[in-house]
Amino acid sequence: MPRVVVDVMLKPEILDPQGTAILGALPRLGFDEVTAVRQGKHFELEVTEPVDEGRLRQLADILLANSVIEEFTLRVLP
Amino acid sequence: MPRVVVDVMLKPEILDPQGTAILGALPRLGFDEVTAVRQGKHFELEVTEPVDEGRLRQLADILLANSVIEEFTLRVLP
Amino acid sequence: MRVGVVTFPGSLDDRDAQRAVRLAGGEPVALWHGDEDLRRVDAVVLPGGFSYGDYLRCGAIARFAPVMRTVIERAAQGLPVLGICNGFQILCESHLLPGALTRNAHLHFRNRDQRLRVENVSTAWTSGLQRDAEIVVPVKNGEGCFVAAPDVLDRLEGEGRVVVRYADGNPNGSVRDIAGICNANGNVVGLMPHPEHAVETLTGPSTDGLGFFTSLLTATVS
Amino acid sequence: MIDSVQHAEATPDHPQPYSELGLKSEEYHRIRDILGRRPTSSELAMYSVMWSEHCSYKSSKVHLRQFGDLPHSEALLVGIGENAGVVDIGEGYAVTFKIESHNHPSYVEPYQGAATGVGGIVRDILTMGARPVAVMDPLRFGRADAPDTQRVLPAVVAGIGGYGNCLGLPNIGGEVVFDDGYLGNPLVNALCVGVMRHEDIRLAKASGAGNQVILFGARTGGDGIGGVSVLASETFAADGPAKRPSVQVGDPFTEKVLIECCLEIFAEDLVVGIQDLGGAGLSCATTELSSAGSGGMHVVLDRVPLRDETLAPEEILMSESQERMCAVVRPSDVDRFMAVCAKWEVTATVIGDVNESGRLTIDWRDERIVAVPPRTVAHDGPVYERPMARPLDLDDLHADDPGRLPRPSTPEELRALLLRMVASPNLCDKTWVTEQYDRYVQGNTVLAQPEDAGVVRVDESTGLGVALATDGNGRYSRLDPYAGAQLALAEAYRNVATTGAWPLAVTDCLNFGSPEDPEVMWQFAEAVRGLADGCRVLGLPVTGGNVSFYNQTADTAINPTPIIGVLGVITDVARRTPMAFGGRPDEVLLILGETGQDFGGSEWAWSEHHHLGGRPPPVDLDRERALADVMVGAAEEQLLSAAHDLSDGGLAQALVECCLRGDVGANVHVTDDPFVALFAESAGRVLVGVPAQRVTRFTELCAEHGVPAAELGTVTPGRPELTVVGQFAVPLAELRAAYSATLPALFGPKPEKR
Ligand SMILES: Nc1ncnc2c1ncn2[C@@H]1O[C@H](COP(=O)(O)OP(=O)(O)O)[C@@H](O)[C@H]1O
Ligand SMILES: [Mg+2]
């Protein structure tokens with residue numbers, strides 16, 4: 001069954017408190033090489049064939065991502 | 001600056017209430033083609049060179065994912 | 001008896017836990033997350049709250065606080081440790097207790113007066129309670145759904161390490177209605193409900209929570 | 001190219017986009033007159049946002065003055081004009097409380113809008129030097145089953161809980177009301193209350209030349225800027241900054257740490273003045289601080305820690321990034337101040353200093369971009385006497401009396417009506433909402449929702465505490481805004497007194513349509529006049545509040561919705577009166593006050609007939625005062641085992657709530673017309689439960705104050721049923737099922753977007 005992956009991230013100009021908190025914890029753990037962290041959501045969908053990518057984008061747009069503050073990327077896995 | 005992407009998902013045997021709730025909402029919105037949804041986390045890190053993938057996997061393992069319930073994939077972006 | 005209460009950035013019920021210790025007759029000692037020194041305490045409470053905003057996962061970042069290095073070390077030597085709500089989450093993240101706490105099955109934060117059944121009265125924190133007693137203690141969490149692998153659950157049950165179980169309705173979808181568990185030695189206990197909010201009739205639904213704190217004090221005295 | 005003061009002087013004719021920024025041409029010219037030149041783009045940004053309706057109160061000021069003219073109150077330590085008013089509650093304690101709106105942001109992005117609404121009001125309270133101890137959330141939504149309500153309500157509730165719970169603030173009360181008019185215009189009002197010792201009061205002023213100005217908390221980002229990007233993109237034509245979001249995202253964790261950090265700073269007495277950054281961000285904080293203090297301040301804007309390096313100076317000045325504070329600190333205290341911030345891992349930066357120049361000057365990249373008399377920005381904005389007109393439809397509304405509506409005529413119909421009423425969205429159980437809020441944290445919550453008022457213990461050793469209630473009824477106010485405001489005041493006042501606390505002070509949030517509509521302006525003026533007159537009768541000061549205009553869709557304004565918050569003091573919280581029946585098996589039930597044919601604007605008329613007309617119930621504030629005397633006196637003498645104020649849905653609703661809360665049945669007699677007795681919404685009434693042997697003393701007390709008291713019946717322990725003798729009986733289980741099912745059925749567990 002085809003799989004679709006949607007990654008949802010806050011728009012770059014929007015504050016990401018989660019990423020900031022993780023970044024703050026890293027030096028204590030000795031991971032100084034990380035200079036920025038952003039956290040988003042990752043969705044994996046199973047869909048029936050045929051895959052209509054346009055419809056799925058619409059789905060991501062209205063349900064998975066909040067277009068006021070987030071943006072998404074969508075990939076259909078082979 | 002090199003970027004690293006980590007996707008964290010609940011292990012398949014762990015219940016995913018968020019994915020289930022999304023799946024439940026889909027028929028109402030007319031998206032019958034989706035048969036399963038799972039929701040996880042997506043991290044984007046910026047790291048300094050040289051990238052030591054082993055160390056980053058360790059970071060994902062002890063901090064970004066909780067190995068009791070989650071598993072992760074890690075990709076260094078070109 | 002000196003009972004330490006750790007404050008992490010984002011801890012909320014730290015003062016409440018201190019009050020409960022005081023009402024039980026103990027001496028509350030404030031411990032700071034950034035300090036490895038446990039200030040000669042005889043027991044430690046990891047209080048409720050949103051340490052580090054509960055970002056990433058509840059308790060995931062607090063686990064790496066300097067104070068936890070000592071708590072983990074001393075817990076292995078038998079120091080009584082009680083993790084309440086966020087404290088329970090920190091104990092699981094630290095692997096002092098098995099399993100994990102995940103998003104509530106109904107996806108909401110839920111605060112209600114919850115009936116619990118006490119199933120293990122041989123831990124450091126429950127020795128003064130009655131076995132099979134039903135008590136009422138508030139729950140309030142968004143990520144209190146306890147999960148663990150089936151073999152882990154069977155072992156917990158087999159060894160009698162389920163300390164409290166939800167009775168009369170499960171507020172968050174925890175497997176087998178588990179509300180709190182302990183380690184093999186019974187010195188480390190974690191639970192989602194808040195006994196520190198059930199210590200005065202005026203401000204809580206009961207005074208049933210006081211027993212957790214008095215258990216510790218009387219057990220150590222005798 | 002930086003639009004410096006020098007550049008502005010050299011290019012007087014440079015066209016400026018003042019109207020895009022919401023300034024009228026006269027306002028723009030007034031700025032030019034004040035400065036004697038055209039404003040720089042940064043100055044224009046500051047004036048435009050500080051002279052906006054939201055920040056300058058330009059349409060409401062002339063009316064709000066009436067609150068300042070109320071007779072002096074001994075309890076008032078700090079009055080209107082500061083971030084929040086401060087009230088003396090005795091034993092050296094003071095409390096500060098205020099209500100604010102975050103309506104429009106909560107429509108655009110409900111989770112973040114509501115969350116940052118809580119964040120903002122909490123910082124106002126913190127700024128006064130107080131530890132925030134509780135929050136409340138009066139909410140209004142469109143029709144409960146409307147699709148947009150499905151979008152807005154769950155996310156608003158999650159946002160309020162998400163932010164407030166994470167701060168460790170118990171939520172002790174609020175309102176959830178549905179009405180078609182709020183579709184597209186939800187109201188999200190938030191109240192916060194804080195406690196301090198008298199000596200800890202802090203004010204927002206920058207005094208003492210040489211003192212340092214420190215910005216601390218979150219880094220400044222591009223959020224909440226909206227329209228000002230016009231300016232920035234004009235200035236930075238070539239490499240213009242991206243379009244900025246007008247949505248603000250909150251970080252409650254940062255705010256929690258900021259609270260603890262500030263309280264430690266206050267405890268060590270390290271600030272001379274302090275101001276939170278809310279609407280208009282740094283523009284507001286710097287101009288208000290300097291205008292209220294020594295008069296001058298110099299700021300080096302390059303020092304502001306940024307989250308986004310591409311921000312233009314105009315945007316930095318305007319940014320409404322959350323979780324930031326600005327303090328004025330003596331040079332000798334700066335190191336210690338920084339050490340406390342470091343302990344809490346709070347970013348803190350000296351961005352300037354105080355002087356006596358009478359000007360606020362701001363530099364950017366070594367050029368002077370702002371040089372203004374701060375008062376002209378912060379306090380001397382335009383003031384309008386907007387035209388007012390009594391709504392043309394008001395006479396028709398008044399004539400449309402609910403007396404003509406069909407009423408239930410048999411006991412069966414009454415019983416069915418009761419079950420429908422308690423299940424209606426406005427009267428049903430609100431647990432689905434309130435269980436998403438932490439009411440236990442801090443361990444001092446003595447009463448919380450659904451009780452009449454929230455009661456919080458202030459001092460553990462003496463039991464001193466405060467009680468708070470908020471109320472508002474848009475339908476009453478639509479029919480008569482003067483009476484509507486007084487009815488809201490009376491209800492909040494009565495709610496506080498019902499718990500046994502003595503009412504001390506008032507805050508308000510005035511939610512209205514567009515002030516440019518003369519009918520709306522008339523409603524506003526009437527409501528303010530009603531509130532001011534009401535406070536005069538009750539002897540209460542208005543300590544502060546908020547005005548929210550432009551709550552309308554196209555030409556249709558919301559029902560005028562003044563939300564009134566009343567704060568009371570109770571000397572020992574152990575003597576509070578709870579609402580649950582059955583605390584005593586021999587409990588006798590009495591109703592205080594008088595019941596009339598009051599159905600104008602009632603819940604019955606609305607939910608059964610979708611009818612709004614006639615007159616709202618008459619309000620008699622002298623009687624309310626006498627009633628409060630009885631309720632507080634009875635609590636002091638410990639005469640009552642239960643008390644519940646009668647309001648929406650009348651006696652029927654109150655009986656159901658008291659029985660279900662205590663899980664005990666009751667047997668009541670009603671005289672005359674049972675429909676009127678059960679469902680009328682006459683003001684000034686309370687339902688009480690009195691242990692049998694105290695009834696005589698209690699009725700004596702009522703007589704002393706001239707408050708009518710009539711026996712209704714008794715509780716029926718062992719028989720879980722509400723019985724209206726001669727009419728009907730309903731098992732509590734049936735009532736509970738009807739009462740509790742509504743919101744879960746409408747909003748069930750569904751994912752909210754964050
Ligand atoms: N409806 C009102 N009733 C009483 N006082 C009000 C009202 N609206 C605003 N105020 C007062 O006017 C002053 C300015 O309000 P505002 O700019 O909202 O303050 P802040 O920016 O601190 O929230 C405050 O003291 C506030 O309490
Ligand atoms: Mg303010």
Side-chain angles (χ1 to χ4, degrees), chain B residues 2-29 31 34-48 52-77, chain C residues 51-65 68-69 72 86 88-110 141-156 170-178 181 183 190:
Chain B
R3 294 204 309 150
V4 178
V5 170
V6 181
D7 289 320
V8 176
M9 296 297 281
L10 286 167
K11 290 180 180 171
E13 65 270 22
I14 304 275
L15 198 74
D16 170 19
Q18 309 194 84
T20 312
I22 293 167
L23 188 66
L26 289 175
R28 234 179 314 128
L29 298 173
F31 292 99
V34 182
T35 57
V37 181
R38 293 193 61 85
Q39 176 171 344
K41 297 179 187 136
H42 178 82
F43 299 92
E44 295 186 4
L45 318 185
E46 286 182 15
V47 295
T48 52
D52 180 340
E53 194 175 318
R55 268 175 65 84
L56 292 169
R57 285 194 173 275
Q58 210 186 328
L59 163 64
D61 199 38
I62 64 169
L63 186 68
L64 300 183
N66 174 356
S67 57
V68 175
I69 47 169
E70 294 170 328
E71 53 198 22
F72 69 90
T73 60
L74 182 149
R75 290 172 288 154
V76 180
L77 297 193
Chain C
S51 59
Y52 295 94
D54 272 1
Y55 296 142
L56 184 57
R57 288 182 311 281
C58 307
I61 299 179
R63 165 202 173 182
F64 292 105
M68 285 307 295
R69 222 168 299 161
I72 292 171
N86 195 223
F88 186 15
Q89 295 162 338
I90 296 170
L91 290 174
C92 289
E93 284 282 344
S94 308
H95 306 300
L96 283 174
L97 292 175
L101 294 146
T102 59
R103 189 91 190 261
N104 290 354
H106 48 73
L107 300 175
H108 294 296
F109 185 97
R110 182 169 284 170
N141 59 66
E143 305 194 23
C145 176
F146 183 75
V147 298
D151 58 316
V152 174
L153 291 170
D154 291 341
R155 186 151 39 84
L156 281 174
N170 178 333
N172 48 31
S174 289
V175 287
R176 305 192 191 177
D177 296 334
I178 292 173
I181 57 173
N183 66 352

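Here is the naming used below: chain letters follow the sequence lines, and residue numbers restart at 1 for every chain.
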* Heavy-atom distance under 4.5 Å between the side chains of B/Leu63 and C/Leu56, does that happen here? -> yes

Record all donor-acceptor atom pairs with a distance under 3.5 Å between chain C and chain B; write none if the list is empty.
{"from": "C/Leu56", "atom 1": "O", "to": "B/Lys41", "atom 2": "NZ", "distance (Å)": "2.9"}
{"from": "C/Arg57", "atom 1": "NH1", "to": "B/Leu63", "atom 2": "O", "distance (Å)": "3.1"}
{"from": "C/Arg57", "atom 1": "NH1", "to": "B/Leu64", "atom 2": "O", "distance (Å)": "3.0"}
{"from": "C/Arg57", "atom 1": "NH2", "to": "B/Leu63", "atom 2": "O", "distance (Å)": "3.1"}
{"from": "C/Arg63", "atom 1": "NH1", "to": "B/Ile62", "atom 2": "O", "distance (Å)": "3.4"}
{"from": "C/Glu93", "atom 1": "OE2", "to": "B/Asn66", "atom 2": "ND2", "distance (Å)": "3.4"}
{"from": "C/Arg103", "atom 1": "NH1", "to": "B/Gln18", "atom 2": "OE1", "distance (Å)": "2.6"}

* Looking only at non-hydrogen atoms, find the nearest pair between C/Ala105 and B/Pro17 and report the distance. => O-CB, 3.5 Å

* Structure fact -> With sequence neighbours left out, the residues meeting side chain to side chain contact (heavy atoms under 4.5 Å, CB included) with B/Ile62 are A/Phe31, C/Phe64

